[in-house]
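Some notes on the structure that comes next.
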Amino acid sequence: MAEDKSKIPSAGKGKAVEHAKDPKAAVRFLWKYLKEYKMLLLFALLLTLAANTFALIGPELSGKAIDSLKGKGLVDFETAFKYAKLMILFYVGSAILSYILALLMRSITQKIVKHMRKDVFDKLMKLPVSYFDTHMAGDIISRVSYDIDVINTSLSTDVVQILASTVTIIGSFIMMVKISPILVLVMCVTIPCSFMYTKKMTKITRPKFSYRSKKLGEMNGFVEETVGGQKVIQGFARENVYVDRFSKVNIEATEAYYQADYMNATIGPSVNMINNLSLCLVTIFGALLYFLGNMTLGNVSSFVLYSRKFSGPINEAANIIGELQSALAAAERVNRILSEDNEPADIENALKLYDVKGNVSVKDVQFGYTPEKLILKDFSLEAPAGKLIAVVGPTGAGKTTLINLLMRFYDPVSGEIRVDGYENKEVTRASLRSSYAMVLQDTWVFGGTIFENIAYGKENATMEEVVEAAKAARIHSFIMHQPQGYDTVLTEDGVNISKGQKQLLTIARAMLLDANMLILDEATSNVDTRTEKKIQSAMEKLMEGKTCFIIAHRLSTIEHADEIIVVADGRIQEKGRHEELMAKRGAYYELYAAQIK
């Protein structure tokens with residue numbers, strides 16, 4: 001199915017830099033999952049309040065312990081030890097609650113991530129073929145794996161940190177006001193600087209983290225493509241070319257990471273410097289108030305501790321801003337998949353095809369993958385039930401596009417396609433597609449047993465039925481020579497068997513499927529001539545009484561077709577039986593003569 005996909009624009013090339021344009025939408029997307037666990041989140045909030053309240057009591061107890069010093073050599077040890085024990089008790093309690101909180105949030109986020117990944121995968125199963133034709137596989141995989149992992153990390157750690165920081169900041173501020181409103185005014189000189197700086201840096205870092213995710217998706221796409229084509233690359237000795245190309249992609253991804261992390265790394269130290277300046281001012285003015293007798297030494301100590309608790313979370317919040325921006329960008333990318341339009345739903349009261357005879361009619365069809373370029377132009381053909389229709393022509397003529405339209409992977413721009421008199425849009429996609437058996441040029445097997453691969457299209461298939469189909473496809477002998485026979489497990493993508501054997505498996509799969517219409521897209525392209533001749537009789541048996549559409553480049557395999565259609569530039573140039581077309585000495589004759597030569 002390679003020829004027409006060249007007409008489809010690649011999603012990874014020439015695309016503008018993505019930005020997290022709507023952070024509020026990303027937050028709403030995350031809240032959709034969070035709200036399902038709102039009671040657990042409420043409990044987490046209570047744990048956060050309790051843990052940080054316990055931690056906030058510590059500095060006050062510290063100040064009271066220091067105030068137990070009555071003068072030179074005069075210490076109320078009973079009071080000092082009393083407050084010291086209470087401090088230990090509250091800090092240990094805070095640590096235990098924080099530990100429980102961390103476990104709870106990890107449990108919640110794992111459930112959310114599981115739900116999110118399921119939603120994304122379910123969505124992928126509902127998307128039209130056109131989506132996968134226009135998006136790189138590596139970028140899709142990146143969204144399912146990396147982006148959701150980023151969300152997981154942010155929800156399990158950053159959200160807890162923000163909640164804890166909020167409680168700590170508010171609690172510390174209240175305690176500082178209680179101890180000395182004057183020193184609070186001193187802090188107010190530097191606090192606005194921290195907030196303004198953080199807000200400004202957020203605007204700068206957000207698009208950089210979004211760009212970072214985009215570049216990672218492009219790199220994953222390139223690696224996936226390279227690994228998939230490794231034999232071709234080595235066969236043409238193009239390793240150095242791909243090393244150079246990867247170096248370029250890798251440099252772009254690394255630069256994107258560096259820019260995002262560099263800007264994020266400057267936020268923490270800068271905010272920390274501002275907070276340290278604030279601490280210096282508090283210490284100086286606190287000492288003056290102590291010497292003037294307006295504050296006790298314990299109060300000065302408590303205020304300094306609270307000021308550190310107050311400024312510390314601001315600094316930490318600044319440090320995790322980059323992670324939050326990355327999470328929002330990731331959430332936006334994941335949400336973009338979930339917001340894609342599903343494959344158009346069947347019309348209301350769509351019919352289900354039963355007992356299909358196989359009368360197929362294509363009338364005045366026009367279609368293009370992009371509006372500006374049509375692949376098929378005023379295309380019409382009639383395929384009576386039980387007839388074998390062969391479609392031939394040069395690469396890019398529109399042969400595979402016709403198959404895409406018959407299976408309704410795409411809908412024509414104009415014109416209509418009918419099966420047994422029913423227009424394709426009048427019937428359900430599931431019943432239409434299940435009426436066809438397909439053997440494609442691009443063979444596909446999945447990780448599983450040979451039995452499962454052959455029985456893929458037929459539920460509850462018996463071993464006898466599978467063996468019969470395998471024998472008809474001339475692959476039974478090969479299977480029986482495997483260590484576990486039909487229970488032999490194929491590795492992912494069938495890399496432990498040859499391409500020809502994979503193609504025979506897909507032929508056996510089609511033979512097992514009880515369908516009255518058959519599509520063969522270069523179905524024997526990966527088998528040798530001897531094997532091809534051996535399975536011709538089996539193929540003829542498979543095609544008996546079925547409406548068959550065969551796309552063929554080896555014209556010797558379709559000489560027996562009821563009608564041969566020669567397609568060029570999206571139009572039918574000529575059609576007829578083999579003998580008729582050879583007698584015309586037209587386009588078909590030229591193709592046939594070229595192969596004979």
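Values in this document were obtained by computation on a predicted structure and should not be read as measured data.
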Rounded to the nearest 0.5 Å, how far apart are [atom1] of [X] and [atom2] of [Y]?
X	Y	atom1	atom2	value
D119	L124	CG	CG	11.0 Å
L127	D122	CG	CG	11.0 Å
T400	I375	OG1	CD1	11.0 Å
L40	M105	CG	CE	9.5 Å
E452	D487	CD	CG	8.5 Å
L155	I148	CG	CD1	11.0 Å

Heavy-atom distance under 4.5 Å between the side chains of [X] and [Y], does that happen here?
X	Y	answer
K215	E218	yes
N250	M219	yes
L97	T48	no
F54	L89	no

Electrostatic pair [X]-[Y], nearest N-O below 4.0 angstrom:
X	Y	result
E60	K178	yes
K123	E340	no
D411	K425	no

Is it true that D133 and Y410 share a donor-acceptor pair across their side chains at a distance under 3.5 Å?
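Short answer, yes.
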
Is the backbone of [Y] close enough, under 3.5 Å, to the side chain of [X] for a donor and an acceptor to pair up by distance?
X	Y	answer
R429	M407	no
S307	V304	yes
R143	V334	no
R333	D147	no
H115	K111	no
S62	G58	no
Y306	V177	no
T153	D149	yes
T449	V489	no
S154	I151	no

Aromatic ring proximity F29/Y33, centre distance under 6.0 Å:
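Ring-ring flag for F29/Y33: true, centres closer than 6.0 Å.
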
Could you walk me through whether D244 and K248 satisfy the salt bridge (Lys or Arg N to Asp or Glu O under 4.0 Å) test, starting with their C-alpha distance in whole Å, then the side-chain angles of each, then the deciding distance to 0.1 Å, before giving a yes or no?
CA-CA 6 Å; D244 292 340; K248 182 180 178 182; over 6 Å; no

Consider salt bridge (charged side-chain N to carboxylate O under 4.0 Å, His left out). Of R408, R433, K126, which one does E343 pass it with?
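So, applying the salt bridge (charged side-chain N to carboxylate O under 4.0 Å, His left out) to E343 and each of R408, R433, K126, only R433 qualifies.
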
Pairwise side chain to side chain donor-acceptor pair (under 3.5 Å) hits with a residue in residues 93-103, at least two apart
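Sorted pair list comes back empty.
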
Side chain to side chain donor-acceptor pair (under 3.5 Å) pairs, two or more places apart, involving residues 82-92
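Pairs touching residues 82-92 that pass the test: none.
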
Within 45° of the ring axis of Y242 and under 6.0 Å from its six-membered ring centre, is that where the NZ or CZ of R245 lies?
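That pair qualifies as a cation-pi contact.
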
Starting from the C-alpha separation in whole Å, work towards a yes-or-no answer on side chain to side chain contact (heavy atoms under 4.5 Å, CB included) for F132 and I140.
CA-CA 9 Å; F132 300 98; I140 296 173; 3.9 Å; yes

The test is side chain to side chain contact (heavy atoms under 4.5 Å, CB included); show your working for L61 and F90 and say whether it passes.
CA-CA 10 Å; L61 295 174; F90 278 108; 3.7 Å; yes

Can you tell me how the ring of Y146 sits relative to the ring of Y257, calling it parallel under 30°, perpendicular over 60° and tilted otherwise?
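Tilted: the ring planes of Y146 and Y257 meet at 30° to 60°.
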
Given V223 and F246, is the side chain to side chain contact (heavy atoms under 4.5 Å, CB included) satisfied, shown in steps?
CA-CA 8 Å; V223 171; F246 179 76; 3.6 Å; yes

Which heavy atom in [X] sits nearest to a heavy atom in [Y], and how many Å separate them?
X	Y	answer
D346	A350	CB-CB, 3.9 Å
L34	L41	O-CD1, 3.1 Å
M116	L30	CE-CD2, 4.3 Å
S172	L56	OG-CD2, 3.3 Å
P128	N342	CD-C, 3.9 Å
S180	L289	OG-CD1, 4.0 Å

Check against side chain to side chain contact (heavy atoms under 4.5 Å, CB included), R106 and T157
CA-CA 8 Å; R106 288 194 177 277; T157 58; 4.2 Å; yes

Under the side-chain hydrogen bond (donor to acceptor under 3.5 Å, both in side chains) criterion, do Y369 and N404 qualify, and how do the steps go?
CA-CA 11 Å; Y369 293 104; N404 285 337; 2.9 Å; yes

By the definition side chain to side chain contact (heavy atoms under 4.5 Å, CB included), identify the one residue from L163, I100, N52 that meets it with L47.
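Only one option passes, and that is I100.
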
Should the heavy atoms of other residues, nucleotides or ligands under 6.0 Å from [atom1] of [X] be counted, would the total exceed 12?
X	atom1	result
M125	CE	yes
E348	CD	no
I182	CD1	no

Residues in ring pair (Phe, Tyr, Trp, His ring centres under 6.0 Å) contact with F173, at least two apart in sequence or another chain:
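F173 satisfies ring pair (Phe, Tyr, Trp, His ring centres under 6.0 Å) with no other residue.
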
